[in-house]
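Structure record follows, encoded as structure tokens.
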Amino acid sequence: MSVNSNKQGTAKVQFNLFAIKKNLETSKGVEISWAEIARKSDVHANTLVNILHNKTRRIDLEVIEKLVGYFRSEGLQISIGDFFTEIQT
């Protein structure tokens, strides 16, 4: 995903979904499947895969809200900003 940045040209945004999942697995001490995350968060599995592989150009706010809600309900202290990293180009 690319967004315009002030005077610096284009910045690339990467989703951190894999790292967030790993943090949850570490905190719980169990492996969690993407299918389980999809089911419990009510986000389609294909959407998660596309986010995971940075193959989406946009993400609906509803999807972010569902994912934040899921990870918080599982005990992670997470914010919306945790889902994104800016990569300078």
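Computed from a predicted model, the values in this text were never measured in an experiment. Numbers here simply count residues along the sequence, with the first being 1.
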Legend entry - Centroid-centroid distance, Phe15 to Phe83, less than 6.0 Å: no

Checking [X] side chain against [Y] main chain: does a donor-acceptor pair fall under 3.5 Å?
X     : Y     : result
Ser41 : Ile37 : yes
Arg72 : Gln77 : no
Asn54 : Gln14 : no
Asn50 : Asn46 : yes
Glu86 : Val13 : no
Lys40 : Tyr70 : no
Thr56 : Ile59 : no

About how many Å separate [atom2] of [Y] and [atom1] of [X], when rounded to the nearest 0.5 Å?
X     : Y     : atom1 : atom2 : result
Leu48 : His53 : CG    : NE2   : 10.5 Å
Thr47 : Ile51 : OG1   : CD1   : 6.5 Å
Phe71 : Asn23 : CZ    : CG    : 9.5 Å
Leu24 : Leu76 : CG    : CG    : 4.5 Å
Ile32 : Glu74 : CD1   : CD    : 6.0 Å
Asp42 : Leu67 : CG    : CG    : 10.5 Å

Legend entry - Minimum-distance pair of heavy atoms, taken over all atoms of Val43 and Val63: CG1-CG1, 4.0 Å

Legend entry - Closest heavy-atom pair and its distance - His44, Ala38: C-CB, 4.4 Å

Inset, instruction - Would you check if Asp82 and Asn16 make a side-chain contact, meaning some heavy-atom pair closer than 4.5 Å? - result: no

Legend entry - Presence of salt bridge, Glu36 and Arg39, under 4.0 angstrom: no

Legend entry - Common cluster, Phe18/Ile80, ILVMFWY with side-chain heavy-atom separation under 4.5 Å: yes

